[in-house]
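Counting starts at 1 for both ligands and their atoms, in listed order.
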Amino acid sequence: MSQVIVYWSGTGNTLDIANKIKGDLGCDIFNVTEANVDDILKYDTIILGCPAMGAEELEDAEFKPFYDELIANAASKNIALFGSYGWGDGEWMRNWCDEVKAYGANLLNDGLIVNGDSSQIVDSEYESFINSLK
Ligand SMILES: Cc1cc2nc3c(=O)[nH]c(=O)nc-3n(C[C@H](O)[C@H](O)[C@H](O)COP(=O)(O)O)c2cc1C
């Protein structure tokens with residue numbers, strides 16, 4: 001089964017988590033600025049990473065335009081979500097998960113959220129995230 005990570009990261013935390021996931025799954029990885037929606041839709045499973053930005057929102061200049069185009073064409077696709085956050089409680093991820101489901105995609109997990117970089121990963125949460133992708 002083909003898997004790909006597409007991420008946006010401003011200060012490197014989401015990239016750090018993305019690299020850990022890539023290391024464990026051995027999948028392809030693209031910065032969203034280098035990703036093409038049509039090419040990404042060819043993968044069986046699409047793993048999207050974006051931190052909480054704005055006020056509990058996805059990054060709107062680079063990630064959101066890509067994501068909006070992708071998700072509109074991703075009905076029944078396997079999707080997994082992850083990202084780093086700071087001072088919030090993960091609201092951006094809950095909203096993101098709800099939206100992916102509303103588009104009819106097959107959301108594989110509740111989204112991996114990490115308060116900082118990969119050193120802050122909660123092992124049990126990471127394990128269940130990775131297992132949902134195996
Ligand atoms: C402009 C901006 C908006 C942010 N908004 C939120 C937010 O709404 N909720 C939150 O928990 N963290 C917020 N953060 C914190 C980031 O999510 C956090 O620093 C994260 O680790 C950044 O990930 P990155 O290194 O991959 O860019 C914001 C950070 C910035 C710069």
Side-chain angles (χ1 to χ4, degrees):
M1 192 171 74
S2 61
Q3 299 173 315
V4 64
I5 298 170
V6 182
Y7 71 90
W8 183 93
S9 186
T11 56
N13 292 336
T14 302
L15 171 59
D16 185 46
I17 301 158
N19 279 329
K20 181 174 169 68
I21 297 167
K22 176 196 158 47
D24 287 332
L25 294 179
C27 59
D28 292 344
I29 184 168
F30 294 95
N31 187 310
V32 73
T33 59
E34 296 160 357
N36 170 280
V37 168
D38 289 338
D39 291 341
I40 296 302
L41 283 169
K42 291 175 187 151
Y43 287 84
D44 298 317
T45 298
I46 302 166
I47 306 163
L48 298 170
C50 183
M53 297 294 286
E56 301 296 333
E57 289 156 356
L58 298 172
E59 190 278 327
D60 64 357
E62 294 175 332
F63 189 83
K64 188 78 166 44
F66 171 89
Y67 163 73
D68 283 346
E69 188 185 342
L70 179 94
I71 201 65
N73 293 284
S76 306
K77 272 273 166 201
N78 297 322
I79 304 275
L81 307 177
F82 70 97
S84 178
Y85 69 103
W87 50 83
D89 70 350
E91 183 187 342
W92 106 103
M93 183 59 77
R94 293 193 295 277
N95 294 340
W96 195 7
C97 285
D98 287 347
E99 188 177 280
V100 165
K101 285 188 265 187
Y103 271 96
N106 179 31
L107 187 66
L108 296 175
N109 53 60
D110 290 337
L112 176 69
I113 67 171
V114 181
N115 188 229
D117 66 14
S118 68
S119 69
Q120 302 304 311
I121 280 174
V122 176
D123 287 344
S124 58
E125 294 174 5
Y126 184 74
E127 195 178 328
S128 99
F129 179 83
I130 290 295
N131 284 340
S132 77
L133 289 159
K134 283 182 175 163

Quiz item: Going through the distances and angles, do W8 and M53 end up as a side-chain contact (heavy atoms from CB on, under 4.5 Å)?
Solution: CA-CA 11 Å; W8 183 93; M53 297 294 286; 3.9 Å; yes
Practice problem: Take I21 and I29 through the test side-chain contact (heavy atoms from CB on, under 4.5 Å) and record every step on the way to the result. | Solution: CA-CA 10 Å; I21 297 167; I29 184 168; over 6 Å; no
Quiz item: Do Y85 and N115 pass the side-chain contact (heavy atoms from CB on, under 4.5 Å) test, and can you show the C-alpha distance, the side-chain angles, and the key distance before you say yes or no?
Solution: CA-CA 5 Å; Y85 69 103; N115 188 229; 3.5 Å; yes
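For the residues A52, G54, G83, the heavy atom positioned nearest atom 14 (N) of ligand 1 is part of A52.
Annotation: atom 12 (N) of ligand 1 to nearest protein heavy atom, G86 N, 3.1 Å. Counting protein heavy atoms only, atom 26 (O) of ligand 1 is closest to S9 OG, 2.6 Å. Regarding atom 25 (O) of ligand 1, its nearest protein heavy-atom neighbour is T11 OG1, 2.4 Å. Protein heavy atom at the shortest distance from atom 2 (C) of ligand 1 is M53 CE, 3.8 Å. With hydrogens left out, the protein atom closest to atom 8 (O) of ligand 1 is E56 N, 2.8 Å, a heavy atom. Of the protein's non-hydrogen atoms, the one nearest atom 28 (C) of ligand 1 is W87 CH2, 3.2 Å. When only non-hydrogen protein atoms are considered, atom 20 (C) of ligand 1 lies nearest to S84 OG, 3.4 Å. For atom 22 (C) of ligand 1, the closest non-hydrogen atom of the protein is P51 CB, 3.8 Å.
Across every non-hydrogen atom of A35 and F30, the tightest pair is CB-CB, 4.1 Å. Across every non-hydrogen atom of S84 and N13, the tightest pair is OG-CB, 3.5 Å. Across all their heavy atoms, F66 and I40 have their closest contact at CZ-CG1, 3.9 Å.
For ligand 1 and A55, the ligand atoms under 4.0 Å from any heavy atom of the residue are 8 (O). Taking every heavy atom of G10 and a limit of under 4.0 angstrom, the matching atoms of ligand 1 come to 24 (P), 26 (O), 27 (O). Every atom of ligand 1 is numbered from 1 in the order shown, and the set under 4.0 Å from a heavy atom of G88 is 10 (C), 11 (O).
Heavy atoms from other residues, nucleotides or ligands lying under 6.0 Å from CG of D110 number 12 at most.
A cation-pi arrangement is not found for K20 relative to F82, the charged atom failing to lie both closer than 6.0 Å to the ring centre and inside a 45° cone about the ring normal.
When each of E99, E59, E62 is checked for a side chain to side chain donor-acceptor pair (under 3.5 Å) with Y67, only E99 meets the rule.
Between N13 and ligand 1, at least one N/O pair is under 3.5 Å apart.
Checking atom 5 (N) of ligand 1 against the protein gives a heavy-atom contact under 4.0 Å.
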